[in-house]
Structure formats: C-alpha cells, structure tokens
Amino acid sequence: MDVKRVKDYLYWLYYQYQLVTCSYVLEPWEQSMFHTITVTVLAMVVYTAYVFVPIHVRLALEFFSQIFGPQPESAVLN
C-alpha cells in the first residue's frame, strides 16, 4: 500500500470515530477533553487486560487440569 492510501484510510477511520461518538459537534476544547478521557479509559482497559487476563487463564488451566487429571508423561513437552 502506498502512503496516500494509508493516510486516506486513517482519515476515514478518524471520521468514522467522530461520527459514531458525535464528537464533531463539540467545541475544540471539549473535543480535546473528550479524546483525552477516551484514550485514558482505553489505555486502562488495555493495561488491565494485559495484567489480569494471563493470571485468570493460568488459574482456569489449573482448575481444569485438576478436574480432568494430569496429562500423561508423553504429552508433556520438555
């Protein structure tokens, strides 16, 4: 892809974001506050998923391994 098409696609995504959130009707200072809060919430969600999802997956695997029993020695990778 050339740079112009990527740039146009990013502009289109930003336009879609503005249409969905109706942020195009806000004043500039309101837009900056709205975008700051949106980015902050999104960053907190990503960080929380990064920190807690692996822990919960490990606990779920331990739980199900206790239910279904240990794996045979031939299935364990070294």
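A distance of 13.5 Å separates NE2 in H35 from CG in L42, rounded to the nearest 0.5 Å. Within the model, atoms NZ of K4 and OH of Y11 stand 10.0 Å from one another, a figure rounded to the nearest 0.5 Å.
Looking at every heavy atom in both residues, V51 comes nearest to P54 through O-CD, 3.9 Å.
Hydrophobic clustering of Ile, Leu, Val, Met, Phe, Trp and Tyr side chains at less than 4.5 Å, counting indirect connections, keeps F64 apart from V57. Residues V53 and L61 are members of one and the same hydrophobic cluster, defined by side-chain heavy-atom contacts under 4.5 angstrom among Ile, Leu, Val, Met, Phe, Trp and Tyr. Under a hydrophobic clustering in which Ile, Leu, Val, Met, Phe, Trp and Tyr are joined whenever their side-chain heavy atoms come within less than 4.5 Å, directly or via other members, Y9 and Y17 fall into different clusters.
Annotation: side-chain hydrogen bond (donor to acceptor under 3.5 Å, both in side chains) contacts involving residues 18-30, sequence neighbours excluded, comprise Y14-Q18, T21-S23, E27-W29. Judged as a side-chain hydrogen bond (donor to acceptor under 3.5 Å, both in side chains), the pairs with a partner in residues 43-60 (not counting sequence neighbours) are, in order, R58-E62.
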Set out, in order, the CA-CA distance, both residues' side-chain angles and the distance that settles side chain to side chain contact (heavy atoms under 4.5 Å, CB included) for Y15 and L19, then state yes or no. CA-CA 6 Å; Y15 182 68; L19 286 176; 3.3 Å; yes
